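Predicted model only: the values in this text are computed from it and were never measured. By convention in this document, chain letters (A, B, ...) are assigned in the order of the sequence lines, proteins followed by strands, and residues within each chain are numbered from 1.
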Amino acid sequence: MVRLGFPKQKRLLKARDFQRVFDRSSAKASSRVMLLIAAPNGLNQPRIGFIIAKKQVRLAVQRNRIKRVIRETFRSFDSGDFSYDVILLARKGVDQQSSRKIRIEFENLWQKLMLRTKGNKN
RNA sequence: CGAGUUGGCUGGGCAGUCGCCUUACCACUUACUUUUACUCUAAUCGGCGAUCACUGCAAUCGGCUUUUGCAGUGAUCGCUCAUCAUGCGCCGUAAAUGCGACAGGAUAAGGACUAUUAGCAAGGAUGAUUGGGUAAAGGUAAGUGGUACGGAGGAAAGUCCGGGCUCCAUAGGACAGAGUGCCAGGUAACCCCUGGGGGGCGCGAGCCUACGGAAAGUGCAGCAGAAAGUAUACCGCCGAUCGAUCAUAAGGGGCUACCCCUUUGGUAGGAGGUAAGGGUGAAAUGGUGCGGUAAGAGCGCACCGCACGGGUGGCAACAUUCCGUGGCAAGGUAAACCCCGCUCGGAGCAAGACCAAAUAGGAAUCCAUUGGCGUGGUCCGCGCCGGAUUCGGGUAGGUUGCUUGAGGUAUGUGGUGACGCAUACCCUAGAUGAAUGACUGUCCACGACAGAACCCGGCUUAUAGGCCAACUCGAAAU
RNA sequence: GCGCCCGUAGCUCAAUCGGAUAGAGCAUCGGCCUUCUAAGCCGAGGGUUGCAGGUUCGAUUCCUGCCGGGCGCG
């Protein structure tokens with residue numbers, strides 16, 4: 001049974017964590033409106049952090065919406081022992097897309113990312 | 001019914017599943033800590049003792065050697081060391097005490113015994129500090145799981161004003177600077193609000209209004225126009241008064257087909273008069289009429305307007321169909337400089353406070369007590385005493401501030417109103433990479449603008465709609 | 001959380017302490033030149049001066065409020 005909670009252990013909180021992911025990034029997946037960067041974290045679960053700049057998404061309501069949608073999607077994943085830290089970078093125009101579209105796009109990118117990290121291992 | 005004005009309220013509802021944050025409670029785990037019990041004995045400082053070595057002194061009239069004693073230094077070993085006290089007769093051990101009963105039995109009575117007792121007092125190598133382990137109980141923190149309550153806005157936004165709060169002096173004086181500007185009131189305060197006045201717009205309900213001073217001074221006004229701030233005069237009008245000229249109508253005179261003088265009328269002109277008319281401009285020094293004049297003109301008069309003084313009404317701004325005076329100026333611009341009145345100390349929750357951690361508080365240069373820093377534009381004042389710059393190095397983790405407040409709701413009451421007062425009840429986000437979402441079903445008007453970050457009062461801006469109240473205009477009907 | 005600056009032609013910039021038609025270079029278009037192109041020469045078009053109000057006779061300029069962009073301090 002997969003637990004669907006979203007506690008703080010599954011988030012990136014400190015500036016240090018973010019810096020580490022940028023320094024040791026091993027896989028990327030991107031689309032027109034967002035970019036995922038992943039780095040191994042040595043835990044038995046993935047963690048996620050958001051970088052949604054005010055410059056890219058002006059309104060606070062939209063920034064909150066994107067975070068909520070993606071957190072919700074991330075929460076519902078059966079990630080298994082995918083032990084990577086992932087950073088989501090928002091690009092311009094995300095706020096123009098509907099929540100459903102963002103959700104689908106993020107799911108696709110996540111699948112891509114999992115494939116790529118496996119490829120790296122081999 | 002249509003069109004409109006003003007003010008106020010609301011800002012999708014319901015059900016289910018999963019998830020996030022705060023708080024409270026319960027259970028478990030981990031860490032820390034306190035107390036108690038048991039247990040182990042490590043370190044530092046100090047002290048004591050023994051042995052050995054060295055040095056000095058004495059025992060001895062002197063020297064040497066030896067011995068003994070004392071003192072000092074050093075080394076080694078040991079004790080202090082395992083607990084809320086133990087232990088100290090003698091022996092032993094390297095090492096440590098004095099006093100001392102009552103009652104009682106026995107006895108004639110007492111001693112002895114009881115008794116190294118009880119008790120008292122002093123001393124000390126026995127001192128001071130830091131520890132480890134196990135168990136139990138309690139507390140704190142973190143995490144996990146569970147239950148329950150609560151969980152963004154009317155603008156949370158822009159950061160345009162005003163305050164609270166915190167630190168710097170208790171926020172003080174002067175200048176500079178900034179803001180503000182009809183009057184009265186409300187308020188903690190305001191560039192806010194309410195009521196009133198003046199001006200402008202609208203048929204109206206209503207709306208807008210930086211609305212002090214131009215007689216303190218300085219500046220500015222292109223083009224056009226004669227002239228743009230000083231009063232002047234371009235085209236005009238007049239030319240009474242001046243001479244020239246024409247006519248000769250009237251009168252007079254003379255040398256009588258002509259001439260002269262005066263008057264009258266005309267023409268051109270000049271000195272001059274004038275500001276009615278024309279034209280320019282955003283703006284040209286009251287308007288209309290009559291009189292008047294050479295033509296005109298506030299030159300005079302009437303009415304209107306204006307200014308000043310007084311009265312009256314109003315707290316005041318101001319108003320005035322009241323009275324009087326003045327023929328009538330002193331143009332505009334102060335969101336140009338400026339003057340006047342009033343207001344304003346600076347910084348901001350990354351304020352500030354506490355805990356923990358870290359460090360060597362380093363090097364160079366410059367300035368220096370008429371100085372530097374706090375302190376901000378300057379000076380004074382106040383407080384503190386080295387300061388500034390560069391280079392190098394270290395730390396930038398947590399708690400608090402943090403939500404009970406100029407708070408809300410209801411009722412009553414004072415006031416035209418903003419708002420005030422009284423009583424009762426209520427507690428309503430507090431995150432910190434930042435919490436309200438997702439999915440499903442269903443209903444309808446098919447859901448706009450938009451997310452708290454120390455807190456309030458306003459302003460401004462954005463906003464799908466829906467609801468309520470008051471009022472205005474128009475139409476129809478009664 | 002504070003503080004400051006800038007928005008003018010497609011682009012880069014001017015415009016005197018408010019004065020009339022908002023100008024220059026590059027770019028665009030047309031013509032000349034050249035066999036053709038480039039360069040050069042001549043000419044033309046292109047502006048709601050970020051938006052909305054206000055002050056003023058008159059606003060790119062002054063004031064107020066919005067919108068957008070940039071910079072600095074902690």
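- Across all strands shown, the partner of B:rU51 is B:rA75, judged by Watson-Crick or G-U wobble contacts whose two distances both fall under 3.5 Å.
- Shown here, B:rG309 forms a base pair with B:rC323; the pair counts as Watson-Crick or G-U wobble because both key distances fall under 3.5 Å.
- By the rule that a glycosidic angle within 90° of 0 means syn, B:rU30 does not qualify and counts as anti.
- If you take atom C1' in B:rC344 and the same atom in B:rC190, they sit 12 Å apart, rounded to whole Å.
- Of the candidates B:rG437, B:rA452, B:rC439, the closest approach to any side-chain atom of A:R100 belongs to B:rC439.
- For the atom pair CZ (A:R71) and CZ (A:F50), the distance works out to 5.5 Å, reported to the nearest 0.5 Å.
- With both ends at atom P, the span from C:rC11 to C:rC67 equals 24 Å, rounded to whole Å.
- Per the geometry, CD belonging to A:Q62 stands 17 Å off P belonging to B:rA157, to the nearest Å.
- Searching all strands for a Watson-Crick or G-U wobble partner of B:rU365 with both distances below 3.5 Å returns B:rA388.
- If you take CG of A:D95 and P of B:rA450, they are 11 Å apart, rounded to a whole angstrom.
- The NZ atom of A:K28 lies 10.5 Å from the CZ atom of A:R116; values are rounded to the nearest 0.5 Å.
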Apply side-chain contact (heavy atoms from CB on, under 4.5 Å) to the pair A:V86 and A:W110, showing each step before the final yes or no.
CA-CA 10 Å; A:V86 178; A:W110 191 260; 3.8 Å; yes

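- Between the OG atom of A:S31 and the CG atom of A:L109 there is a distance of 5.0 Å, given to the nearest 0.5 Å.
- In this structure, the CZ atom of A:F74 is 15 Å from the P atom of B:rG19, given to the nearest Å.
- Distance CD (A:E107) to P (B:rA438): 15 Å, rounded to an integer number of Å.
- Residue A:R103 is classed as a sugar-phosphate contact, given heavy-atom separations below 4.0 Å to backbone atoms only.
- The partner of B:rG300, taking Watson-Crick or G-U wobble pairs whose two distances both stay under 3.5 Å, is B:rC290.
- What separates CZ of A:R68 from C1' of B:rC21 is a distance of 12 Å, to the nearest Å.
- OP1 or OP2 of B:rG451 has not a single side-chain nitrogen or oxygen of A:R63 nearer than 4.0 Å.
- For A:R65 against B:rG451, no side-chain N or O and base N or O form a donor-acceptor pair under 3.5 Å.
- Of the C1' atoms belonging to B:rG89 and B:rC70, the separation is 33 Å, rounded to the nearest Å.
- Nucleotide C:rG23 forms a Watson-Crick or G-U wobble pair with C:rC13, both donor-acceptor distances falling under 3.5 Å.
- Take the nearest nucleotide of RNA chain B for A:K67 and for A:L59: the residue whose nucleotide is more 5' is A:K67.
- Within the 4.0 Å cut-off from OP1 or OP2 of B:rA434, at least one side-chain nitrogen or oxygen of A:R71 is found.
- What you find for A:Q97 and A:E105 is that their closest heavy atoms are OE1-OE1, 3.8 Å.
- The CG atom of A:D95 sits 10.0 Å away from the CD1 atom of A:I52 when rounded to the nearest 0.5 Å.
- The gap from the C1' atom of B:rA448 to that of B:rU463 amounts to 6 Å, rounded to the nearest Å.
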Between A:R65 and A:I102, is the side-chain contact (heavy atoms from CB on, under 4.5 Å) condition met? List the steps.
CA-CA 10 Å; A:R65 193 189 58 142; A:I102 292 173; 3.9 Å; yes

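- Relative to the side chain of A:V61, the nucleotides B:rU440, B:rG451, B:rA435 differ in distance, and B:rG451 lies closest.
- Base orientation of B:rG309: anti (glycosidic angle beyond 90° from 0).
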A:L88 vs A:L35, test: side-chain contact (heavy atoms from CB on, under 4.5 Å). Steps then yes/no.
CA-CA 6 Å; A:L88 178 125; A:L35 165 68; over 6 Å; no

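- Rounded to the nearest Å, the gap between the C1' atom of B:rG213 and that of B:rG341 is 11 Å.
- Straight-line distance between the P atoms of B:rU33 and B:rA438: roughly 48 Å, to the nearest whole Å.
- Look at the P atom in both B:rA316 and B:rU159: the space between them is 47 Å, to the nearest Å.
- In this structure, B:rG2 and B:rC473 make a Watson-Crick or G-U wobble pair, each of the two defining distances being under 3.5 angstrom.
- Both distances falling under 3.5 Å, in either a Watson-Crick or a G-U wobble arrangement, occur for no nucleotide opposite B:rC203.
- Rounding to whole angstrom units, CD1 of residue A:I51 and C1' of B:rG433 are separated by 9 Å.
- Checking B:rC223 for Watson-Crick or G-U wobble geometry (two distances, each under 3.5 Å) identifies no partner in any strand.
- Between A:I52 atom CD1 and B:rA434 atom C1' the separation is 12 Å, expressed in whole Å.
- Atom CD of A:E72 and atom C1' of B:rU17 are 12 Å apart (whole Å).
- Nucleotides B:rC165 and B:rU403 are separated by 13 Å at their C1' atoms, to the nearest Å.
- Anti is the glycosidic conformation of C:rU49, whose angle departs from 0 by more than 90°.
- With a glycosidic angle no more than 90° from 0, B:rA152 adopts the syn conformation.
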